[in-house]
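Scroll down for the structure; my scribbles are underneath it.
Source: prediction; values computed, not measured. Counting convention: from 1, in listed order, for ligands and their atoms alike.
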Amino acid sequence: MSDVDLKGLIRTVPDHPRPGIQFRDVTTLLQDAEGLRAAVEGLSVPYLDAGVRHVAAIEARGFILGGAIATRVGAGFVPVRKRGKLPYATVGLDYELEYGVDRVEMHQDSVTRGDRVLLVDDLIATGGTALAALGLIEALGGHVVGVAAIIDLPDLGGSARIRDRGYDVHTLCSFEGD
Ligand code: AMP
């Protein structure tokens, strides 16, 4: 176990991007050499021997972690992006936000049938984004090894929802009461 205080390196920005939201800003952790190393290591270690072929990560903060974790677990990296950003043929899935609908997309040839895939993001709130990404990975025939994120917001129920669907969820710290 790392002795780096990851939670203490995360900055909380009140009322961003809307009143009432406590934004958990990981840029302060990422800019700290020990913090970045400890986060990448902590998210990688459970999956070192899991035969991960691809780390799929959600833009934008997930990308920073995803590339580093991929090299650590011996996998390639594939991006999960918001609508219209990927240049080649995509598969996509719409998902509900508190207000409105969003969409995640992956390149249709990024994961192939039977690939073992680890999904990475910085934070799990309601779990909607991760569940949409998991749906895409499985639509492409991938086998999900787990979902790894630095932060869990347990009161929003996302990590529980994802576990209820049978996935392994691994997070490094949590903020209660959000
Ligand atoms: P959700 O789909 O509700 O689990 O939201 C997760 C996504 O939204 C992640 O990509 C996070 O980066 C972002 N997010 C949601 N809530 C917060 C928050 N309070 N602070 C920072 N990022 C958040």
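- In this structure, Thr28 and Leu9 have side chains that are not in contact, with every pair of non-hydrogen atoms separated by 4.5 Å or more.
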Show me the side-chain donor-acceptor pairs of residues 74-85 shorter than 3.5 Å, one per line, residues at least two apart or across chains.
from	atom 1	to	atom 2	distance (Å)
Arg81	NE	Glu59	OE2	3.4
Arg81	NH2	Glu59	OE1	3.1

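- When only non-hydrogen protein atoms are considered, atom 10 (O) of ligand 1 lies nearest to Asp121 OD2, 2.7 Å.
- For ligand 1, the atoms lying closer than 4.0 Å to a non-hydrogen atom of Leu153 are 19 (N).
- Looking at ligand 1, you'll find an N or O of Arg24 within less than 3.5 Å of one of its N or O atoms.
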Tell me which donor-acceptor pairs under 3.5 Å the side chains of residues 121-128 have, and how far apart each pair is, sequence neighbours excluded?
from	atom 1	to	atom 2	distance (Å)
Asp122	OD2	Arg61	NE	2.6
Thr126	OG1	Gly128	N	3.2

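- Ligand 1 has no atom lying under 4.0 Å from any heavy atom of Ala130.
- How far CZ of Phe23 is from CG of Asp15: 13.0 Å, rounded to the nearest 0.5 Å.
- Residue contacts with ligand 1 for Leu123 involve both N, CA, C or O and side-chain atoms from C-beta outward (heavy atoms, distance under 4.0 Å).
- Taking distance alone, with nitrogen or oxygen atoms compared against 3.5 Å, Ile124 stays at or beyond that limit from ligand 1.
- Here the CD1 atom belonging to Ile10 is positioned 11.5 Å from the CG atom belonging to Asp32, to the nearest 0.5 angstrom.
- The closest approach between any non-hydrogen atom of Asp122 and ligand 1 is below 4.0 Å.
- Between the Ser174 side chain and the Pro154 main chain, no donor and acceptor come within less than 3.5 Å of each other.
- The distance from the CG atom of Leu172 to the CG atom of Leu29 is 9.0 Å, given to the nearest 0.5 Å.
- Residue-ligand proximity, Thr126 to ligand 1, at heavy-atom distances under 4.0 Å covers atoms 1 (P), 2 (O), 3 (O), 4 (O).
- When the heavy atoms of Gln22, Arg161, Arg61 are ranked by distance to atom 19 (N) of ligand 1, first place goes to Gln22.
- Side-chain N or O atoms of Asp25 include one that pairs as donor or acceptor with a backbone N or O of Thr27 at under 3.5 Å.
- Near Thr129, with a cut-off below 4.0 Å to any heavy atom, the atoms of ligand 1 are 1 (P), 2 (O), 5 (O), 6 (C), 7 (C).
- Protein heavy atoms are found less than 4.0 angstrom from atom 1 (P) of ligand 1.
- At a heavy-atom cutoff of 4.0 Å, ligand 1 is contacted by no atom of Asp25, backbone or side chain.
- The residue among Gly62, Ala133, Ser159, Ala125 with a heavy atom at the shortest distance from atom 5 (O) of ligand 1 is Ala125.
- Between Phe63 and Leu65 the shortest side-chain heavy-atom distance does not fall below 4.5 Å.
- Clustering ILVMFWY residues whenever any of their side-chain heavy atoms sit less than 4.5 angstrom apart, transitively, puts Ile21 in a cluster other than the one holding Ile150.
- The shortest N/O to N/O separation between Tyr95 and ligand 1 does not fall below 3.5 Å.
- The shell of residues lying under 4.0 angstrom from ligand 1, judged by heavy atoms, excludes Leu97.
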